[in-house]
Amino acid sequence: MMTDTTSTLPARALLLAFDRRKQKLTGKGQLGHLLRAAALAELVLHGHLTDDGDKAHPVTAPPGPADSVLRHVWDQIEQDPPRAWRRWVAKDRARTMELVHAELVAARVVRVERHRVLGLFPATRVTLRQPHVARRLGEQVGRAVRGSQPVGRVDREIGALAALASAAQLAAVFSGRERRRFTGRIGELGGGSVAPVVTALRKAVSAQHTAAAHSGGGNG
């Protein structure tokens with residue numbers, strides 16, 4: 001069974017996006033951006049990436065197999081010239097999603113099924129096999145924001161997840177009213193070394209919403 005200490009931040013970010021009452025993923029329009037940002041944040045927190053003039057700079061490769069989500073993202077950055085964080089938040093989201101799905105399927109936390117909408121369009125259905133894992137994670141993130149524990153004592157990965165979930169406007173985690181109410185607290189949790197990643201995610205999601213509004217579409 002997957003535990004919070006062995007799973008990657010992108011995998012936990014995907015679990016946060018589940019509406020457990022409706023048993024379905026929410027925020028699908030911005031989920032790819034969120035997973036990319038979560039991978040970048042974890043790489044930063046563990047010293048594999050650093051910020052250099054608002055650009056991602058590789059330091060050391062993360063441990064683990066070459067097909068892991070963290071190694072996949074790190075290799076892309078290491079092989080390219082220095083680029084802004086927002087570039088890496090937006091890049092290769094579909095492949096990143098596949099790698100996160102594979103991690104959670106291997107841990108038997110989710111089930112991923114391929115199907116076709118209207119018998120024509122390929123789609124992926126993700127369902128929880130262990131709802132308690134997502135529930136516990138949601139409670140931890142919720143306490144980090146709504147609780148009274150000093151920010152400096154909050155687990156830094158949980159704090160980063162809270163800030164990323166807010167930047168991605170995940171309704172399954174915080175309502176718009178809560179995001180506004182706890183703006184200061186969320187800003188502190190997403191500060192320090194991960195601040196450039198949180199900012200890049202917020203800008204990417206905002207730009208996506210603006211583009212959808214102008215085109216007359218929406219995002220789920």
Side-chain angles (χ1 to χ4, degrees), residues 1-4 6-39 41-42 69 89-90 92-146 157-158 160-179 182 186 201-202 204-213 215-220:
M1 183 181 74
M2 187 189 79
T3 66
D4 291 343
T6 57
S7 63
T8 63
L9 218 57
R12 283 183 276 171
L14 186 142
L15 292 179
L16 279 180
F18 268 98
D19 183 321
R20 296 185 301 279
R21 183 173 59 85
K22 296 181 179 179
Q23 283 291 301
K24 68 175 185 178
L25 276 173
T26 63
K28 291 183 179 180
Q30 59 265 38
L31 188 55
H33 287 105
L34 172 62
L35 300 188
R36 289 287 300 191
E42 182 166 352
V69 62
V89 166
D92 204 13
R93 299 191 300 278
R95 176 57 179 159
T96 301
M97 185 87 70
E98 290 174 359
L99 292 172
V100 173
H101 284 169
E103 177 185 340
L104 289 169
V105 168
R108 300 180 64 81
V109 175
V110 305
R111 180 182 293 107
V112 176
E113 300 168 295
R114 315 294 178 186
H115 66 103
R116 289 186 177 272
V117 178
L118 302 177
L120 298 173
F121 308 105
T124 301
R125 182 184 297 113
V126 183
T127 54
L128 283 173
R129 298 185 66 174
Q130 298 185 37
H132 66 281
V133 176
R135 182 180 66 252
R136 184 170 60 245
L137 179 62
E139 291 169 351
Q140 290 175 321
V141 170
R143 283 196 301 269
V145 171
R146 304 180 188 102
E157 290 194 355
I158 292 296
L161 274 175
L164 292 170
S166 176
Q169 302 179 27
L170 278 188
V173 183
F174 306 117
S175 66
R177 177 176 294 180
E178 285 183 309
R179 290 199 303 272
F182 296 107
I186 292 169
L201 175 60
R202 184 181 300 110
V205 170
S206 178
Q208 185 179 49
H209 286 176
T210 299
S215 67
N219 61 79

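Starting from 1, each residue takes its place in the sequence as its number. Just so you know, these numbers use all the heavy atoms, side chains as well, and skip hydrogens, waters and symmetry mates.
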Visitor: With sequence neighbours left out, what residues match Ala39 under side-chain contact (heavy atoms from CB on, under 4.5 Å)?
Guide: Pro10, Leu70, Val73

Visitor: Please give me the minimum heavy-atom distance between Gln169 and Arg179, naming the atom from each residue.
Guide: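 Between these two residues, the closest heavy atoms are CA-NH1, 3.7 Å.
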
Visitor: Testing the basics here: between Leu16 and Gly138, what is the closest heavy-atom pair and its distance to 0.1 Å?
Guide: CD2-CA, 3.9 Å

Visitor: Would the distance check show the side chain of Thr26 and the main-chain N or O of Ala17 forming a donor-acceptor pair, the cut-off being under 3.5 Å?
Guide: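 Yes, the answer is positive, given that a donor and an acceptor are paired below the 3.5 Å cut-off.
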
Visitor: Check the pair Val105 / Val110 against side chain to side chain contact (heavy atoms under 4.5 Å, CB included), numbers first and verdict last.
Guide: CA-CA 5 Å; Val105 168; Val110 305; 4.0 Å; yes

Visitor: Out of curiosity, Leu201 CG to His33 NE2, how far, rounded to the nearest 0.5 Å?
Guide: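 These two atoms lie 8.0 Å from each other.
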
Visitor: Checking Gln30 side chain against Val205 main chain: does a donor-acceptor pair fall under 3.5 Å?
Guide: no

Visitor: Could you tell me whether the side chain of Arg143 reaches within less than 4.5 Å of the side chain of Ile158, counting heavy atoms only?
Guide: no

Visitor: Would you please name every residue forming a salt bridge (charged side-chain N to carboxylate O under 4.0 Å, His left out) with Arg95, sequence neighbours left out?
Guide: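 Applying salt bridge (charged side-chain N to carboxylate O under 4.0 Å, His left out) to Arg95 gives Glu98.
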
Visitor: Nearest heavy-atom pair of Gly32 and Arg93: which atoms, and what distance?
Guide: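 Answer, listing the atom of Gly32 first, then Arg93: C-CD, 3.5 Å.
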
Visitor: Can you name the salt bridge (charged side-chain N to carboxylate O under 4.0 Å, His left out) partners of Arg146, sequence neighbours left out?
Guide: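 By the salt bridge (charged side-chain N to carboxylate O under 4.0 Å, His left out) rule, Arg146 matches Glu178.
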
Visitor: Nearest 0.5 Å, please: how far is CG in Leu164 from CG in Leu170?
Guide: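 Reported to 0.5 Å precision, the distance equals 9.5 Å.
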
Visitor: Strictly distance-based, threshold 3.5 Å: is any side-chain N or O of Glu157 a donor or acceptor partner for the main-chain N or O of Glu42?
Guide: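 No; judged by distance alone, with no hydrogens or angles, the pair does not exist.
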
Visitor: Would you mind telling me which of Leu35, Leu9, Val100 makes a side chain to side chain contact (heavy atoms under 4.5 Å, CB included) with Val69?
Guide: Val100

Visitor: With distance as the sole test, does Gln208 use its side chain to make a donor-acceptor pair with the main-chain N or O of Gly29 at under 3.5 Å?
Guide: yes

Visitor: Under the side chain to side chain contact (heavy atoms under 4.5 Å, CB included) criterion, do Arg129 and Leu104 qualify, and how do the steps go?
Guide: CA-CA 10 Å; Arg129 298 185 66 174; Leu104 289 169; over 6 Å; no

Visitor: Test Leu15 against Leu128 for side chain to side chain contact (heavy atoms under 4.5 Å, CB included), laying out the working first.
Guide: CA-CA 8 Å; Leu15 292 179; Leu128 283 173; 3.7 Å; yes

Visitor: Can you check whether Arg202's main-chain N or O pairs, donor with acceptor, with Ser206's side chain at less than 3.5 Å?
Guide: no

Visitor: To the closest 0.5 Å, what do you measure between CG (Leu34) and OG1 (Thr96)?
Guide: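 Atom-to-atom, Leu34:CG and Thr96:OG1 are 11.5 Å apart.
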
Visitor: Kindly compute the distance separating CZ (Arg111) from CD (Gln130), expressed to the nearest 0.5 Å.
Guide: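 Rounded to the nearest 0.5 Å, the CZ-CD separation comes out at 11.0 Å.
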
Visitor: Please report the closest heavy-atom contact between Ala162 and Phe174, naming both atoms and the distance.
Guide: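 What the structure gives for the nearest pair is O-CE1, 3.7 Å.
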
Visitor: Nearest 0.5 Å please: distance from the OG1 atom of Thr124 over to the CZ atom of Arg114.
Guide: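 Those atoms lie 4.0 Å apart.
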
